[in-house]
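Just so you know, residue 1 is the first one in the sequence shown, and it goes up from there. Just so you know, these numbers use all the heavy atoms, side chains as well, and skip hydrogens, waters and symmetry mates. A quick note: this is a predicted structure, and the numbers were derived from the prediction, not measured.
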Amino acid sequence: MSAEMDFTFDPRYLPATSLPDVPDAGRLSHRQRNGGDCVHCGVTLSPKTAVSLGTQVYKTVGVPGLTEWWPRSCRSCHSAGTTP
């Protein structure tokens with residue numbers, strides 16, 4: 001997926017409790033959208049350093065259907081309560 005893609009979110013498909021904790025997918029790199037890097041600071045994650053933020057769903061403009069993504073945060077950002 002290209003970094004130039006236009007992402008829009010439909011809040012009906014996102015759990016309300018996760019909205020403040022997850023940045024807009026359109027501002028994130030491919031690795032951040034797929035859980036390889038922290039969605040907040042961009043540090044590379046490992047199973048020991050990652051905190052799952054749950055499965056999210058986004059709509060890509062011009063592409064039919066919804067796409068799931070699996071954002072993760074580093075423990076430092078998660079502990080600090082980082083928000084987008």
Output for pair (Trp69 CH2, Thr55 OG1), nearest 0.5 Å, gives 11.0 Å

Mind checking the CZ-NZ spacing from Arg75 to Lys48? Nearest 0.5 Å is all I need.
10.5 Å

Which atom names give the shortest non-hydrogen contact between [X] and [Y], and what distance separates them?
X	Y	value
Ser52	Arg72	CA-CG, 4.1 Å
His40	Gln32	N-NE2, 4.4 Å
Gly54	Pro71	O-CD, 3.3 Å
Cys74	Cys41	SG-SG, 3.8 Å
Leu28	Val39	CD2-O, 3.5 Å

So does Val57 get a backbone contact from the side chain of Glu68, meaning a donor-acceptor N/O pair under 3.5 Å?
no

Test salt bridge (charged side-chain N to carboxylate O under 4.0 Å, His left out) applied to Arg31 - qualifying residues, sequence neighbours left out
Asp37

Clusters formed by hydrophobic residues whose side-chain heavy atoms approach within less than 4.5 Å: which one holds Val43, and what are its other members?
Leu45

